[in-house]
Amino acid sequence: MAWRLFLSKTLNLTPPLPNPKILKICEFSTSFLVTKIPKKLRKKHKKPESARTRPVQPHASTHSRLESILTRDSTFRFLTKTKQFLSKQPQRVLRLDDAGKLHRELGFPRGRKVLRSIQRHPLIFETYRHVDNKMWFGFTDFAEELLQEESSIMDAMEIDRVKKVRKLLMMSKDKRIPLSTIYHNRLLFGIPEDFRDRVAKYPEYFRIVVENDAKRILELVNWDPTLAVSELERQFVVSEDTVVKAFKFPVKYGKDLGLDENDTRKLNLLNTLPLVSPYSDGWKLDMWSLEAEKYRVGIVHEFLNLTVEKRASIHNIVEFKEEFSLTRRTYEMLKKQPRTFYLAGTEMNWAVFLKDAYDENGVLIDKDPQVIFNEKLYNFAQMQQREVFSGIDEK
C-alpha cells in the first residue's frame, strides 16, 4: 500500500487540466444538421403583390356588384367562346379529341379535360358517338333555338349597329379602322359574326380598301354631322351641372396666389369646360396638353357609350389605341376621373365602367336587346334540368 502512495506522489499520475484553446477547436457543433419543421407549423409567407394580382380599387372603394360582373365573365368564358367557335364550324359540331387541343379557342383551362366544361352546361351542349366511333359534341336542340333567337335580334338591330360603326369611324384619326379590329371586338358592340359581309350592303357609308399586305381596311365614305354629337354634348344641353360635376381637371398653380377654396374651384371649372369633342381633330393637339387629355377622356367616354354594356376591358381599348390616339397613360388618365369611370379588376387586367349607366345596385339601366338575351343565356347555362326552364322561357 505504501508503494502505491509513493508512486502516485513521485509520478504525478493526476490527469492534466484540459487546454481551453484545444477545447474550443474540438467543440462539437450541430449547425450542419438540417432540421425539418412540420408543414402545419411553418410560417406562411405571403407572396408579394404584383400588377397581375393587385386590385385597382382599395377595399373601401370597391363596388362589389361591378366587380362581380368580371367574375361572371370569367365563369362563362367557356360558354361564350365555345358558342362562337362552334357556330363557325360545319354542321356546328366538333370532335371531342380535337376540342381537347383548343383550350385557347374554347376558353377552358389548359391541361383540363374539355368534357368537364361541356357537362357544366347540359342545356346548351351535348355529346354523342358518331358513326366513326368517335365522340363529338355540339349544340342541343334547345340551344339551336336560342341561336335562332339571337340571329333575329342581330337582324333587327342591324341599322343601330351600322350607326355605331359609323360613329367609331368618325372618331378615328384617319376615318378608317381595320376590319379585323372591329371583328375582334364585335361582341362589345353587338355586331354580328357576318358583319364583314353585311358591309357591302351599305356602299353609301362604308368602303373596304385592301392594302399591300392584304389587310382589309374599313373607311368612312360620308361624314354625317348629325352623328357627330357625343353623348356628353347631349347631356350638357339637358343638364349643364351634371356634366360639369362629372369631370375634374385640377390646375397646377403656385402657392403665392393665395387662392381660397372657392377661387380654386372656379379656376378648375374654367379648365374643365368646354370638353374637346371626340369627333374633332383633337389628335392634332399637343399630346401632353390639358386640351389633349380632355379630348382623350371624351374619346373613351363616347367609346364606352357605344358598347352594349357601357364597359370595356383594357384589351378592347388597346386594340383601338392607334385609331383613337390614346397613350400608354390611359389607365392613369381614367383613374383621375372617379366620378365618371369605375375601374375594376387588377392593375394589369382592368375594365372600365361608365358609372352613370348603372344604378346604385350595379345594374345596367338601359339594356340593349343583346344584353337581355345574354342574361337569359347565362341563366339557362346554369340549369341542369330542362323541365325547369319552361316558365322562364315564356318570360
Side-chain angles (χ1 to χ4, degrees), residues 69 72-73 75-96 98-99 102 105-108 114-115 117-131 135-165 179-180 182-202 206 306-310 364 366-395:
I69 294 177
R72 183 201 66 184
D73 291 347
T75 302
F76 293 111
R77 180 177 292 114
F78 175 78
L79 171 69
T80 304
K81 301 196 75 171
T82 301
K83 181 172 77 73
Q84 294 178 48
F85 191 85
L86 265 185
S87 299
K88 295 183 287 186
Q89 301 305 307
Q91 312 275 319
R92 290 182 174 178
V93 293
L94 188 63
R95 195 166 65 175
L96 210 58
D98 296 332
L102 302 172
E105 290 80 358
L106 301 182
F108 65 92
V114 66
L115 183 60
S117 297
I118 294 173
Q119 291 173 340
R120 288 178 183 156
H121 311 296
L123 297 186
I124 308 300
F125 305 115
E126 63 180 357
T127 59
Y128 65 94
R129 189 172 296 278
H130 199 259
V131 292
M135 291 297 296
W136 292 65
F137 88 99
F139 293 113
T140 62
D141 292 339
F142 174 65
E144 292 286 356
E145 295 176 5
L146 288 177
L147 292 177
Q148 186 60 42
E149 179 184 343
E150 184 179 29
S151 178
S152 300
I153 293 174
M154 293 290 185
D155 292 339
M157 300 299 295
E158 181 172 318
I159 300 301
D160 177 79
R161 303 324 187 209
V162 168
K163 179 180 175 181
K164 288 180 183 293
V165 176
L179 261 177
S180 59
I182 298 176
Y183 178 78
H184 293 158
N185 296 276
R186 65 189 183 280
L187 297 183
L188 201 64
F189 306 100
I191 295 174
E193 167 76 28
D194 59 347
F195 177 77
R196 289 176 292 189
D197 299 325
R198 299 194 188 201
V199 166
K201 295 165 53 178
Y202 303 95
F206 309 117
L306 294 177
T307 65
V308 294
E309 291 192 66
K310 313 306 179 190
L364 193 62
D366 186 13
K367 293 185 178 181
D368 186 272
Q370 184 64 46
V371 174
I372 297 174
F373 172 83
N374 291 341
E375 291 177 349
K376 183 168 68 170
L377 177 65
Y378 296 152
N379 288 332
F380 288 141
Q382 296 178 84
M383 297 180 183
Q384 300 297 315
Q385 296 180 359
R386 186 163 182 171
E387 290 77 13
V388 298
F389 65 74
S390 58
I392 299 177
D393 193 23
E394 294 175 358
K395 296 179 182 180

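Quantities reported herein were computed from a predicted structural model and do not represent experimental measurements. Just so it is clear, the values below take in all heavy atoms, side chains as well, and ignore hydrogens, waters and symmetry mates.
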Identify, with sequence neighbours excluded, every residue that meets ring-ring contact (aromatic ring centres under 6.0 Å, His included) alongside F76.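 For F76 the ring-ring contact (aromatic ring centres under 6.0 Å, His included) partners, ignoring immediate neighbours, are Y378.
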Q370: partners by side-chain contact (heavy atoms from CB on, under 4.5 Å), with sequence neighbours left out: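 Counting only residues at least two positions away or on another chain, Q370 forms a side-chain contact (heavy atoms from CB on, under 4.5 Å) with E150, I153, M154, R161, D368, F373, N374.
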Is the shortest side-chain heavy-atom distance between T82 and F137 below 4.5 Å?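 The answer is yes, as the side chains (C-beta and beyond) meet within the 4.5 Å cut-off.
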Side chains of L187 and Q84: closer than 4.5 Å at any heavy-atom pair?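 They are in side-chain contact.
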Return the [atom1] to [atom2] distance between [X] and [Y], rounded to the nearest 0.5 Å.
X: F195; Y: E158; atom1: CZ; atom2: CD; result: 8.5 Å
X: K367; Y: E309; atom1: NZ; atom2: CD; result: 9.5 Å
X: D160; Y: L306; atom1: CG; atom2: CG; result: 9.5 Å
X: K164; Y: I159; atom1: NZ; atom2: CD1; result: 13.5 Å
X: E105; Y: D98; atom1: CD; atom2: CG; result: 11.5 Å
X: F189; Y: N185; atom1: CZ; atom2: CG; result: 6.0 Å

Counting only N and O atoms by type, is there a donor-acceptor contact under 3.5 Å from the side chain of [X] to the main-chain atoms of [Y]?
X: Q148; Y: E144; answer: no
X: S87; Y: K83; answer: yes
X: R186; Y: Y183; answer: yes

Does F206 form a side chain to side chain contact (heavy atoms under 4.5 Å, CB included) with V162? I'd like the steps, not just the answer. CA-CA 10 Å; F206 309 117; V162 168; 3.7 Å; yes
Heavy atoms from other residues, nucleotides or ligands near NZ of K81 exceed 12 (cutoff 6.0 Å):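 Buried by this count: over 12 neighbours within 6.0 Å.
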Within the supplied structure, the quantity of interest is the number of heavy atoms (other residues, nucleotides, ligands) at a distance under 6.0 Å from D155 CG; does it exceed 12?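 Enclosed: over 12 neighbouring heavy atoms sit under 6.0 Å from CG of D155.
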For residues 119-129, please give each side-chain donor-acceptor pair under 3.5 Å, one per line with the distance, not counting sequence neighbours.
from: H121; atom 1: ND1; to: A381; atom 2: O; distance (Å): 3.0
from: R129; atom 1: NH1; to: N133; atom 2: O; distance (Å): 3.0

